[in-house]
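Have a look at the structure below before the remarks.
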Amino acid sequence: MYKNHDQTFTADHFLQVDQNSTIQKVQVCLPTTAIIAPYLSSNKNHLFIGYQLTFVLFANDVLKYAGYSKFCRRYCPLPSPTDLPALNIDSTYLYSFFFFRARDTSITLFDFEGFPIVSELEARTRKDAVFHAFFDLVQIRKVFSAHKLEFNHYITIVPGLQSVRLLGKKKSCSSSRISQST
């Protein structure tokens, strides 16, 4: 259709493209091409999305009315929360994303004693300092202590939700309780 976009289509055009065309196929294709032909651009412009949009809209309508809506194309796809993966945040992710850049452009992260954290290994051992740089650990610990849990330094952000998931673990028994019970 792009090669002959200035011509009127006849049954011979369809038979040249597909020798197995039946009369019924040609009878359906002739009126369809008569409707589509004015909207087709020349061969050099047919790759631009603006020229393809009317064809996509038309094809979507035909597919929908024929009962094949699962084959319709999304012409303005917006990601839905189920399409996006969850973002899992731990201390090594925070360190590598925000602090482990080229030395001249990176931000320096310090632990609670004022020493710089300069490696992922140190970020794993000083999880509280890394998380405290971004989150209010006092508030997080209040929430966990109300449920008799400890913060396990792992946060999951799920797209589409207006909340995050904080991973906690059961508080371990203190050594004084263990010695009293034995």
Is [Y] close to [X] at the side-chain level, that is, under 4.5 Å between some pair of heavy atoms?
X    : Y    : answer
I89  : L94  : yes
H153 : D128 : yes
K171 : S145 : yes
Y93  : L87  : yes

Any donor-acceptor pair under 3.5 Å from Y95 side chain to D90 backbone: no
Is there a donor-acceptor pair closer than 3.5 Å between any side-chain N or O of N152 and the backbone N or O of Y154?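 Pair absent, no side-chain N/O of N152 close to backbone of Y154.
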Show your working on salt bridge (Lys or Arg N to Asp or Glu O under 4.0 Å) between D136 and K142 and close with a plain yes or no. CA-CA 10 Å; D136 186 5; K142 278 183 190 177; over 6 Å; no
Full working for side chain to side chain contact (heavy atoms under 4.5 Å, CB included) between L137 and K127: CA-CA 11 Å; L137 285 182; K127 293 177 183 178; over 6 Å; no
Can you tell me how far apart [atom1] ([X]) and [atom2] ([Y]) are? Round to the nearest 0.5 Å.
X    : Y    : atom1 : atom2 : value
R126 : D111 : CZ    : CG    : 4.5 Å
R141 : E150 : CZ    : CD    : 8.5 Å
I140 : I155 : CD1   : CD1   : 5.0 Å

Provide the closest heavy-atom pair for [X] versus [Y] in the form atom of the first, atom of the second, distance.
X    : Y    : result
I117 : E122 : CA-OE1, 3.4 Å
A123 : S91  : O-OG, 3.4 Å
L109 : A129 : CD1-O, 4.3 Å

How about F115: does its CZ atom have over 12 heavy atoms from other parts shown lying under 6.0 Å from it? no
Just wondering, more than 12 heavy atoms not from Y68 lying within 6.0 Å of its OH? no
Hey, can you tell me if F151 and F131 have their rings parallel, tilted or perpendicular (30° and 60° cut-offs)? perpendicular
F110-F135 co-clustered via ILVMFWY side chain contacts under 4.5 Å: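 As far as the 4.5 Å side-chain criterion goes, F135 and F110 are not connected within one cluster.
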When clusters are formed by joining ILVMFWY residues with side-chain heavy atoms under 4.5 Å apart, either directly or through shared neighbours, do F112 and F134 land in the same one?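 No: no chain of side-chain contacts under 4.5 Å links F112 to F134.
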